[in-house]
Structures are given as C-alpha cells and as structure tokens.
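Letters go in sequence order (proteins before strands), and every chain restarts at 1.
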Amino acid sequence: MKQTYISEISKHLGQEITIKGWLYNKRSSGKLGFLEIRDGSGIIQGVVSKKDVSDETWESTEKVTQESSVIITGAPREHPKKPGVYELDIKDLRIVQLAHEYPITPKEHGVEFLMDKRHLWLRSRRQHAILRVRHEIIRAVRDFFDNNGFILCDTPVFTPAACEGTTTLFEVGYFDEKAYLTQSGQLYNEATAAAFGKVYCFGPTFRAEKSKTRRHLTEFWMVEPEVAYAKLDDVMELAENFIGHIVSRVLESRREELNVLERDISKLEKIAPPFPRLQYDDAVKMLQEGHTKGALESRFEWGGDLGSPDETYISSQYDKPVMVHRYPAAVKAFYMEPDPERPDLALCVDVLAPEGYGEIIGGGERASSLELLLNRIQEHGLPEEAFDWYLDLRKYGSVPHAGFGMGIERCVAWLCGLEHVRETIPFPRMLYRLKP
RNA sequence: UCCUCAGUAGCUCAAUGGCAGAGCAUCCGGCUGUUAACCGGAGGGUUGUAGGUUCGAGUCCUACCUGAGGAGCCA
C-alpha cells in the first residue's frame, strides 16, 4: 500500500492509510495501547485496541520495542481531547525489524553519552527541530544571495599553503606534498569576485585551534560573500540585510520547531535592520565604563582584540546584533584595508549576535594595493611565493572589494537558543571528538 | 597550553571513613485514554586506572586516563 507521510496526515482523515516508520515510544493500559510513531516527517500517536485487531496484530503491538521499524495501517482522526492534534486508529502493525534494547531511553541523559550515540540521538524531537531550523537557515542563505545577483563559486577544501599561520590548519598528505584543509575561502573569493563581481562560497571550514568552548567546532560550515567595488559600508549593509532575511525566514517557516526548543521568539522578532554600528574606539569606552561599573573583571585597553567576555558585554547592551567596526590593524589579518583617515585602523567589521552568542560574522574591506600587501606579507613572515596568484589580483585590474564570512553553526545556535554549537550540525567534530 | 569541576548498574543519580542503593531501561505480571503513563515482582556492580594512608576507602592523599565548562584564539 502507498506510503503516507505523517506531515500530510490531515489530508487523509478517515481514510485507511499506511505509515512506514519507527516506534518512538509506547504506553499501554491493559487492552488499549498507545504507540508513538515517527517517520521522519513527524510523530503521531497510534491507538490500538485489542478487541479491534487480529490476535497477530495485538501480539505485535505488545512485543514491539522502542525504535523498531514498523509499517502501520490505520485511519487518522482528530484527538478526542486536543483539537488540531491527530491520532491514528491502528488496524494492522507489521514489524520490519524488532529493535535491540535501545540505549536512549525516555529519561534524561548526559552529553557525553548522547554524543557517543549521536547517530541515534538524531532521531529525537529536539534534534529534529534544530536540524530543520539549520536547513531553513541554509535555504535562506542561498536564496538571499541567489536572488541578489550573487554567483555561487565554491572554493577548494585542499589548499597549498597556510594563509594565516599553520598552527590553526589541519595538515594532510597530498600525494608527495603537504596540503592543508581550508580555514576560509576568502582569498579564492577575491579571485572569483574579480571574475564575476558578486560571488559567494559555502562549504566546510576547518580550524585546528585547540578551542574547547560552546562556540567552537573543528569542522564547521561557513558562507562567505565577496563583492567587487564594495566598501566597508556596503558590506555592513549587506550583512544586516542578510541576517534580517535569515531571521524572518526562520520565524515564518520554523515557528513550530522554535516552540519545541522553547525559544523566546519575541527576542528574534526584534531582529530587523538597521543594526547598531559601534566603532572600535567607542567599544573601548563602553568596555571601560563596564569595568568601572563592575560588570567586567579587567579594564580593557585600546589596542587589544575583544575577548569573549568583552563581546558578551557589548552585545548585552543591545537587543539586535551589533556591528563593531574599525579595529586596530595590528590585531587583524594581513589582507585588511587600512582606514585612509586613520591608517592604524582596519576597515573591518565583526557582527556580534545578541544574548551572548558572540561573533557570528567577521569581514571587511580587503587591501587593494600591491605594495601594501607585499609589505604586510613580509611583516607577518608569510611565504611570498604562496601568494603569487593572490598578488596577481592586485596587478590585473585591482579594485576596492569587501566581503564577510558567517559561521552557520553559531547562527543556528543563536536562532535556536542553544547552549552549545555541537547540536547544530548532524555529526560535530570537536577537539577530542571524531566519532561517530 | 592553562584554570575549574566531574567519573558509582545499560542510562540519570544517591550513599557522615563502617552491609553499594533508587528511578528509568530489560524480563515477568496487572490496568480500555495513556502523554518522560502508572502499579507489583525479578535479574543487573572489578565504584575510571595504578599506588598510598587507615582496623576498615565509593568517600582521604598522589599520579595518570577520560569527559565537561571556561581562558587564549576564532566563525
């Protein structure tokens, strides 16, 4: 019999249908059984009464175990006590495979155990909600760029040399030479932007940093737009419209999932452009005031990069993402364009998400002068020969250009209101975790 | 790399230096509207590893292992 998905159940009320899925949980009351069935599209409670089914079917419903694969025939109808909720009157149940004792019980579990069983944990309601939001965010990301004249130009995962120092890169054997897993598609984006004008790349990114916090993965997904002839202000406007689009799409299409996650939706409803802009100089003042008030332990001095507690403090002053721009050039990457009015500052921007979710976007205007880049490469002790192709971009029609990168997992964690990014990707890769 | 915390049944946890326990899961029995269902019964242990203190260590001490949170670094 043709399979009906639980998400489509309301179109089949009163009809006999077949659901192919798994037993999520089971309760019984003597000769009346309640079987929660999931099929990937949703979960529905099946009701089976001994007097209404064959002995074989009743026996099957009694012995079926949690997460056994099952094919069920029955008729959906409204829940007697809950309007808008559907139930299935079970007429027949066939066990495809009787599951062994399932390790994830309906009681609570610790993180370590659940991470070890990640391949099974993905079957839970909560993980479904998170990964559906992730899916929606990714769709919104693609739609935003695709509908705004950007060309998807993906960049390589294997790269020949370190761009920002080898310590943060995973080294792999590449036949007879060494290669590194990409930590950013940006340098390649600059080449494709010079070819196509407006481009983006979207793929996995690898960082070998020994970071062990709720915001870090060693493998994560990053989307990076790059726009030829764009200035810092253009890219800040792009970033706020981009985030605004993502948030409104999630609110529009994934409200049910946010409710499963008990997300405070009112906080997300405030996220609409324009976002506050805060120059680094003013951020320093804000942090120093925060220290005077006793909200921050140490006094922040001009010249340093913002630490996590600093970012959290700044973002707590706003109910929207805040765009901190024009950091000291010394704490930023070699390819940043200096501010012509203040050459000690870089034309860069970090977008800090609200509620302490930290930096979700980093970007800025790229240096367009060949001489400047050559000097910077020397100052940073980087191998010039590795950048010959990159320097070509400054020899052949160099233009001002800018872009940014957004970490998908941090965005998912923020919109879902999660404690940790590890639940935002199906199989997280972290320091000390490579399995499953 | 550094700081803090934790490790006891398959899972989540309890046990003043003095008989190693409960709930869930599993198995057996009961229950016709359950919702992490409930009620009764049963089985289930090298207390992370190695050493030490003590009449006696899950508990105190030392080292190590594993994990979690944070710092630095970052998206």
Side-chain angles (χ1 to χ4, degrees), chain A residues 24-36 43-52 58 62-63 65-67 79-82 85 87 89 99-117 120-121 124-126 164-165 167-169 182-186 202 204-224 239 297-298 304-312 331-333 349-353 357-363 404-414 419-422 424-425 430-433:
Chain A
Y24 192 69
N25 195 13
K26 183 171 78 167
R27 292 173 289 272
S28 74
S29 179
K31 303 292 173 271
L32 189 63
F34 299 93
L35 284 68
E36 280 190 284
I43 296 177
I44 190 168
Q45 174 167 274
V47 184
V48 60
S49 171
K50 185 169 194 284
K51 63 177 167 51
D52 294 338
W58 179 252
E62 281 201 305
K63 79 173 184 192
T65 52
Q66 190 186 355
E67 285 303 327
H79 192 288
K81 293 175 189 167
K82 296 179 183 170
V85 175
E87 282 189 330
D89 281 323
H100 298 210
E101 188 181 330
Y102 192 66
I104 303 178
T105 65
K107 288 279 177 175
E108 53 188 77
H109 299 279
V111 172
E112 186 188 356
F113 177 78
L114 289 170
M115 287 309 305
D116 284 339
K117 306 288 180 208
L120 302 175
W121 190 19
S124 77
R125 263 195 185 94
R126 176 182 162 83
E164 298 173 34
T167 52
T168 62
L169 291 171
T182 181
Q183 64 178 348
S184 166
Q186 189 215 307
F202 184 28
T205 305
F206 307 87
R207 302 269 167 100
E209 290 151 0
K210 293 207 167 176
S211 300
K212 198 172 139 38
T213 78
R214 68 183 70 187
R215 297 180 303 280
H216 287 88
L217 298 171
T218 53
E219 176 183 326
F220 63 98
W221 284 66
M222 187 156 68
V223 57
E224 296 171 273
E297 247 177 64
S298 53
D305 204 354
L306 304 182
S308 283
D310 306 318
E311 290 182 353
T312 303
V331 300
K332 288 289 173 182
V349 59
D350 283 356
V351 180
L352 308 181
Y357 280 92
E359 185 181 344
I360 53 168
I361 280 181
F404 62 80
M406 184 185 79
I408 290 294
E409 287 75 16
R410 285 192 183 172
C411 183
V412 177
W414 165 42
E419 280 294 305
H420 201 297
V421 291
R422 65 186 157 219
T424 63
I425 186 167
M430 293 175 286
L431 187 63
Y432 309 132
R433 180 162 299 274

Classify A:H79 by what it touches in the nucleic acid, base, sugar-phosphate, or nothing, heavy-atom distance under 4.0 Å. base
Classify the nucleic acid contact of A:D350 as base, sugar-phosphate or nothing, counting any heavy atom under 4.0 Å across all strands shown. nothing
When all nucleic acid strands are considered with a 4.0 Å heavy-atom cut-off, which category describes A:I408: base, sugar-phosphate, or nothing? nothing
Donor-acceptor contact present, side-chain A:T65 to main-chain A:A99, <3.5 Å: yes
Can you check the distance between B:G30 and B:G67, where both ends of the measurement are the C1' atom (answer in whole Å)? 42 Å
Quickly work out the A:K51 NZ to B:G33 P distance and round it to whole Å. 11 Å
Are any of A:K81's side-chain N or O atoms less than 4.0 Å away from OP1 or OP2 of B:U34? yes
Which whole-number value in Å describes the distance from A:E62 CD to B:G29 P? 9 Å
Would you classify A:T65 as touching base, sugar-phosphate or nothing, given that sugar-phosphate means primed atoms plus P, OP1 and OP2, and contacts are heavy atoms under 4.0 Å? nothing
Taking CD from A:E209 and C1' from B:A75, how many angstroms apart are they, rounded to a whole number? 9 Å
Whole Å only: how far is the CZ atom of A:R207 from the P atom of B:A75? 5 Å
Hey, are the side chains of A:T182 and A:F206 touching, using non-hydrogen atoms and a 4.5 Å cut-off? yes
Rounded distance (Å) that lies between atom C1' of B:G43 and atom CD of A:E101: 12 Å
Whole-Å distance separating the CG atom of A:L114 from the P atom of B:G10: 17 Å
So what does A:G358 touch, heavy atoms closer than 4.0 Å: a base, only the sugar-phosphate, or nothing? nothing
Side chain of A:F220: nearest nucleotide among B:G10, B:A68, B:A75? B:A75
Counting the atoms with a prime plus P, OP1 and OP2 as sugar-phosphate, which does A:F113 contact under 4.0 Å by heavy atoms, base, sugar-phosphate, or nothing? sugar-phosphate
Using a cut-off of 4.0 Å on non-hydrogen atoms, how would the nucleic acid contact of A:K63 be classed: base, sugar-phosphate, or nothing? nothing
Among B:A68, B:A36, B:A75, the one nearest A:N25 by side-chain distance: B:A36
side-chain contact (heavy atoms from CB on, under 4.5 Å) partner of A:H216, chosen from A:M430, A:R410, A:R422: A:R410
Tell me whether the ring of A:Y102 lies stacked over the B:A25 base, given a 5.5 Å limit on centroids and a 30° limit on the plane angle. no
Among A:R27, A:H79, A:E36, A:K82, the one residue meeting side chain to side chain donor-acceptor pair (under 3.5 Å) with A:Q45: A:R27
Tell me what A:K50 touches on the nucleic acid: a base, only sugar-phosphate, or nothing, going by heavy atoms under 4.0 Å. nothing
Is a donor-acceptor pair below 3.5 Å formed from side chain A:H216 to base B:C74, judging by atom type as modelled? yes
When the P atoms of B:A20 and B:A57 are considered, how many whole Å apart are they? 12 Å
Ignoring hydrogens and angles, does a donor from either the side chain of A:Q45 or the base of B:U34 sit under 3.5 Å from an acceptor on the other? yes
Counting only side-chain heavy atoms from C-beta out, which of B:C31, B:G10, B:A75 sits nearest to A:L217? B:A75
Closest to the side chain of A:K210, out of B:G33, B:A75, B:G72, is B:G72
At under 4.0 Å, does any side-chain N or O of A:R422 touch on OP1 or OP2 of B:G69? yes
Of the nucleotides B:C73, B:G33, B:G69, which one has an atom closest to the side chain of A:S211? B:C73
Scan A:T205 against the nucleic acid and name what it touches under 4.0 Å (heavy atoms): base, sugar-phosphate only, or nothing. nothing
Give A:E409 one of three labels, base, sugar-phosphate or nothing, depending on what nucleic acid heavy atoms sit under 4.0 Å from its own. nothing
Output the single nucleotide from B:A71, B:G33, B:A75 whose closest atom is nearest the side chain of A:P309. B:A71
Measure the distance from CG on A:D116 to P on B:G7 and round it to the nearest whole Å. 18 Å
Rounded to the nearest Å, what distance is computed from the CD1 atom of residue A:I43 to the P atom of nucleotide B:A36? 13 Å
